[in-house]
Structure formats: structure tokens, C-alpha cells
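What's counted below: heavy atoms across the whole structure, side chains too, no hydrogens, waters or symmetry copies.
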Amino acid sequence: MPRFLAVYTMKPEDFASFRNLPKAEQDAINAEGVRQWAAWEERNAACILDRGGMVGKTTRVTKHGVTEARNPFCGYLVVEAETADAAVRLFLDHPHLTVFPGGGVDIMPFVT
């Protein structure tokens with residue numbers, strides 16, 4: 001079955017806005033988001049090959065050396081689905097989009 005990389009994205013300014021909320025509001029969003037995230041993973045467990053995780057600061061390595069870099073990536077997951085459209089549909093109600101201040105989920109097929 002085809003495999004897909006799902007990359008969670010979030011604009012740094014959206015994350016900063018979330019962190020500027022009162023702590024009680026952040027905690028309430030986090031509690032609800034974690035609950036819904038676990039439920040989403042349970043509903044889609046048969047499709048999840050690698051639960052991945054959230055990621056932090058980026059370091060970029062190029063032929064010119066090593067530098068800090070910025071990108072919208074904040075986490076990833078690997079799923080399998082019959083088609084790319086089926087993989088996309090898995091994420092339409094994902095709490096990264098519906099509860100947390102996530103910008104999107106980029107879905108890419110593995111081609112090798």
C-alpha cells in the first residue's frame with residue numbers, strides 16, 4: 001500500500017500568538033487538543049506506520065556549511081492509504097487544524 005509523509009506546519013507568528021495567550025487558556029487548548037489528537041490517532045491507527053513527533057529548531061547543512069534555518073515544519077507522521085486523496089482525507093478533521101494553531105498538514109507520497 002502507498003505510504004505518505006504528513007508534515008505538520010505552523011507559522012512562527014501563529015505559535016507566538018498562542019504562547020501570548022493567558023496560561024489558563026493555553027492549558028485548556030492543550031488539554032482539549034491532546035484529547036482530540038489521541039482520539040484521532042485511535043480512529044486512524046490502522047493507517048499510521050510511524051507516529052512521528054513534533055520537531056524543534058532547525059539546523060541546515062549545505063555545501064557552504066551549517067546554519068540555523070526557519071521553516072514552518074513542526075512535526076510529522078507517516079501513514080499508508082490506498083490513494084493520495086485517501087491520505088489527505090485522514091487529516092481533514094485533525095486537531096492540529098481544528099484545535100491547535102496549526103497552519104496545515106502537507107501530504108507527500110514516498111516515491112521510492
Original post:
Do Ile29 and Leu21 come close enough that some side-chain heavy atom pair is under 4.5 Å?
Top reply: yes
**OP:** For Phe4 and Pro109, work out which heavy atoms get closest and say how close.
**Re:** CD2-CA, 3.5 Å
Subject >> Minimum heavy-atom distance Pro95-Gly33, with the two atoms named >> reply: CB-O, 4.1 Å
Subject >> Closest heavy-atom pair and its distance - Gly102, Leu97 >> reply: O-CD2, 4.2 Å
Original post:
Residues two or more places apart in sequence or in another chain: which of them pass side-chain hydrogen bond (donor to acceptor under 3.5 Å, both in side chains) with Asp27?
Top reply: Lys23
**OP:** Could you walk me through whether Phe18 and Gln26 pass the side chain to side chain contact (heavy atoms under 4.5 Å, CB included) test, one step at a time?
**Re:** CA-CA 7 Å; Phe18 175 73; Gln26 288 181 52; 4.1 Å; yes
Subject >> Salt-bridge contact Glu41-Arg51 (side-chain N to carboxylate O under 4.0 Å) >> reply: yes
**OP:** Determine, stepwise, if the pair Asp106 / Thr9 fulfils side chain to side chain contact (heavy atoms under 4.5 Å, CB included).
**Re:** CA-CA 7 Å; Asp106 294 350; Thr9 64; 3.9 Å; yes
Original post:
So does Arg43 have more than 12 non-hydrogen atoms from other groups sitting under 6.0 Å from CZ?
Top reply: yes
Original post:
What's in the same ILVMFWY side-chain cluster as Val66, cut-off under 4.5 Å, chained through other members?
Top reply: Val61
Original post:
For Phe15, which fellow cluster members are found when Ile, Leu, Val, Met, Phe, Trp and Tyr are connected by side-chain heavy-atom distances below 4.5 angstrom, either directly or through intermediates?
Top reply: Met10
Original post:
Hey, mind stepping through Leu77 and Phe91 against side chain to side chain contact (heavy atoms under 4.5 Å, CB included) and telling me if it holds?
Top reply: CA-CA 11 Å; Leu77 181 74; Phe91 293 89; 3.7 Å; yes
Original post:
Is the backbone N or O of Met1 less than 3.5 Å from a side-chain atom of Glu82, with the two atoms forming a donor-acceptor pair by type?
Top reply: no
**OP:** Indicate yes or no: at least one non-hydrogen side-chain atom of Thr83 is less than 4.5 angstrom from one of Pro2.
**Re:** no
Subject >> Non-neighbouring partners of Tyr76 that pass ring-ring contact (aromatic ring centres under 6.0 Å, His included), sequence neighbours left out >> reply: none
Subject >> CG-CD1 distance between Asp85 and Ile107, expressed to the nearest 0.5 angstrom >> reply: 11.0 Å
Subject >> Asn71 CG to Lys11 NZ distance, which is reported to the nearest 0.5 Å >> reply: 14.5 Å
Original post:
Hey, quick one: are Phe110 and Phe73 part of the same hydrophobic cluster, counting side-chain heavy atoms closer than 4.5 Å, chains of contacts allowed?
Top reply: yes
**OP:** Starting at CD of Glu32, measure out to CZ of Phe100 and round the result to the nearest 0.5 Å.
**Re:** 9.0 Å
Subject >> same_hphob_cluster(Val88, Leu5) at 4.5 Å side-chain heavy-atom cutoff >> reply: no
Subject >> Derivation and outcome, side chain to side chain contact (heavy atoms under 4.5 Å, CB included), residues Leu90 and Val79 >> reply: CA-CA 9 Å; Leu90 291 172; Val79 298; 4.1 Å; yes
Original post:
Quick one: salt bridge (charged side-chain N to carboxylate O under 4.0 Å, His left out) partners of Arg3, sequence neighbours excluded?
Top reply: none
Original post:
What heavy-atom pair brings Ala6 and Val105 nearest, and what distance separates the two atoms?
Top reply: CB-CG1, 3.9 Å
Subject >> Non-neighbouring partners of Tyr8 that pass ring-ring contact (aromatic ring centres under 6.0 Å, His included), sequence neighbours left out >> reply: Trp37, His94, His96
Subject >> Heavy atoms from other residues, nucleotides or ligands near CD of Glu68 exceed 12 (cutoff 6.0 Å) >> reply: no
